[in-house]
Structures are given as C-alpha cells and as structure tokens.
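Heads up: the structure comes next, in structure tokens.
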Amino acid sequence: MLRTLLDRLATTLPALAGVVVVSFLLTRVLPGDTAAYFAGPAATPQAIAQIRAELGLDRPLPEQFARYVADLARGDLGRSLTTGQPVTADLGARLPASAELTLFGLALSLLVAIPLGVAAALKQGSLVDHACRVVATAGVSLPVFFTGLLLVYAFYFVLGWAPAPLGRLDAFASPPPTRTGFFLLDSLAAGDLETFRAALAQIALPGLTLAIFALAPIARITRAAMLAVLAADFVRTARAAGLSSRRVVVTYALRNAMLPVVTTLGMVFSFLLGANVLVEKVFAWPGVGSYAVEALIASDFAPVQGFVLAMALLYTVLNLAIDLAYGLIDPRVRAAA
C-alpha cells in the first residue's frame, strides 16, 4: 500500500506542475488590465503605469513566472487585490464552505443513486428502472444553475419551506466554534442542535442541486455494473449453491459492482468542483468558487491562480484516496501492487 501511495504521488507531480504553468499563462492572456481596473476610470496613464510597476506586471513574462514559482515554493500564493488579504488566508477561510457543500451533495447523491441503480438492475423494465433512466437523463440535461434557481423558486418563493438562499446561516444564527470549518460537524460537536438545524436548512437546497447533477453518472454506472456482475458465472454459481438472494446481491454482486462506481467518483467530484462555482453564486454561498469569480471579474490574478491550484490539489487527493480504496475493495489490486 505504501509503494502504491508513493507511485501515485510521483505521477501527480508533473500534473501539478502543468496546472501551475497553465493557470499562470491563462491569467495573463485573459482580457482585462489589472492595473487599469484598480486605478479607476479616472486614472491617468501615468497612474496606471505606476500601479503596473508596483504589481510587477511591467516585467517580462518569464521573470513574472520565476517570481511566482519562487513565492509558491515558500507557500506564498500572493495577495488578493480585492480583499487586501493573502490568498492563503482567503482560501483557508472559504475552502471549508466549498468542501462541506461539495461533500454534502456527493454524499446525498450516493445515498440515492446507488440504491436506485441496484434496484434498476435487479428489476429491469420495471417502474424503478424507468425512474432511474428519467433521473439520469434529467441530471445530465438540466444545467446546474437552472436546477438551483428552480429549487429556490419552488421551495423558497412558492412553498416557503426553505430559508432565504443567502449563505451558510441565516441572520439569526451564529457560527459554531470552529473545529473543522464544517458548520454541520462543528455544531454537532458543540451540541448546538439549533445551529445544526439552521446550517442543514441552508445547505439543503444547494446540496440537492449538486446531488441532482451527480445522480446521473453514478446511477447509470451502478446499474450497468450490477447488470454485468449479475450475469457473471460466480453469481450464477452462488445462486445454484442455494444462497439467499440478499446475500448474493449484497455480498457478491454489489462489492464487485462498486469498482467502476468508485472510479466514477473521481470524475463526478471534478464535475462537482466546476458546478460548485455556479451553485455558490446562485445561493450566495461564501466559498472559493464565488471568491474566484469575483477575482476573475476584477482581473485579480493571484486568487484565480490559487483557486485553480487548490482545486487541482483536492482532485489529486481524492483520486489518491480512490486508488487506495480500490485496494480495500479488490484484493487483486493489492496483490498486483
């Protein structure tokens, strides 16, 4: 397992280096002038040139990149011009909000998609199977921002069941003592059930929006994997040996069908990271996605580069966890490693 971990880490280093280069180059070719934006519309060319020199934007591109890499090696992601704070501090304050929302949506989708995919495979052509196809088609077809706006309109504006989509807590609740940065976990750890209910009410609609988006690939892969496993020889042998249907499905079929599902989780998580940006804007969620969008509008390079690098690190860590989970699910993977 340790050798597998080291091998995966070695293969991710070139990918992270590529992310650093691409994110730096993209922020330089995007339209907009950082110095002109922060100087204001009434600024003179001399004032804009002075700001550009102070920010180091007048230097050659290779020199800017060398300076950026040197700062990055020291753990310095730069300073945000819009907030006036170091990017690491801004990301540290906002990343728990995005991580909580993404993981909540992913967990919610797994709770629905896996049982739905298994039931659809066990009862082909039934109402459950058709429902699985409809859910998968809807999840793929509906844009995530449209789903969010539709849920807000239905559950907040029409029915009045949900609170106003304005952040992680309403105006009458106070954040729990910070331990993990996840309001749901921190409020439970503090024994504050009122704050827990308030945080759960706020995260329900954005989490459901992400869950609907993630349902489609997980349900479809689960159904296809279960159909393939149920037709395998070892499942027919288990049934011929007189084992109960529950034991055949849960012990033998489901465990083997989980391998492609676990692989799909890495892809789904990357999709959720991208969709998270739109969801955060719809629900005024104070995460890194809205932070990056605001910085992009202001042509603020450092937060955008920090956001891209943070998302790449999260994706790398998750894929590493998936590789390790593979070894726990399938002993053949550990033997091959």
Side-chain angles (χ1 to χ4, degrees), residues 2 5-30 34-35 38 51-103 175 177-182 185-186 266 269-270 273-274 276-277 280 285-324:
L2 180 60
L5 178 63
L6 294 176
D7 290 341
R8 296 296 186 271
L9 287 176
T11 57
T12 58
L13 292 179
L16 291 177
V19 168
V20 171
V21 175
V22 172
S23 63
F24 175 84
L25 293 177
L26 284 179
T27 53
R28 266 54 181 185
V29 300
L30 289 174
T34 304
F38 285 95
I51 294 177
R52 186 177 290 110
E54 292 175 356
L55 297 176
L57 299 177
D58 59 336
R59 300 177 182 177
L61 199 61
E63 184 179 346
Q64 294 184 40
F65 180 71
R67 183 180 178 183
Y68 171 64
V69 173
D71 292 341
L72 196 61
R74 297 193 301 267
D76 183 8
L77 296 178
R79 182 176 293 271
S80 172
L81 299 177
T82 53
T83 65
Q85 300 294 323
V87 174
T88 51
D90 286 340
L91 291 178
R94 290 172 172 263
L95 191 57
S98 294
E100 183 179 34
L101 177 59
T102 303
L103 293 176
T178 302
R179 295 187 181 182
T180 64
F182 290 13
L185 297 181
D186 291 346
F269 187 78
S270 65
L273 290 178
N276 213 5
V277 176
E280 288 181 6
W285 196 263
V288 294
S290 57
Y291 173 67
V293 171
E294 294 166 2
L296 188 61
I297 294 174
S299 298
D300 195 357
F301 296 150
V304 177
Q305 294 170 172
F307 167 77
V308 173
L309 186 58
M311 294 302 100
L313 287 174
L314 280 176
Y315 182 71
T316 300
V317 170
L318 181 71
N319 276 275
L320 182 61
I322 289 174
D323 289 338
L324 297 179

Val21 vs Phe65, side chain to side chain contact (heavy atoms under 4.5 Å, CB included): CA-CA, chis, key distance, verdict: CA-CA 8 Å; Val21 175; Phe65 180 71; 3.8 Å; yes
Any side-chain heavy atom of [X] within less than 4.5 Å of one from [Y]?
X: Leu77; Y: Leu72; value: yes
X: Phe307; Y: Leu95; value: no
X: Glu294; Y: Pro303; value: no
X: Val20; Y: Tyr68; value: yes
X: Ser80; Y: Tyr291; value: yes
X: Met311; Y: Val19; value: no

Compare every heavy atom of [Y] with every heavy atom of [X], then report the nearest pair and how far apart it is.
X: Pro96; Y: Gly181; value: CB-O, 3.4 Å
X: Ser98; Y: Trp285; value: N-NE1, 4.2 Å
X: Arg94; Y: Ser290; value: NH1-OG, 3.5 Å
X: Glu280; Y: Leu101; value: CG-CD2, 4.3 Å
X: Ala302; Y: Arg79; value: CB-O, 3.9 Å
X: Ser23; Y: Val308; value: CB-CG1, 3.9 Å

Main-chain N/O of Asp90 paired to Gln85 side chain as donor or acceptor, under 3.5 Å: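 No; zero donor-acceptor contacts below 3.5 Å.
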Main-chain N/O of Phe269 paired with Thr102 side-chain donor or acceptor, under 3.5 Å: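 No, Thr102 side chain to Phe269 backbone: no donor-acceptor pair under 3.5 Å.
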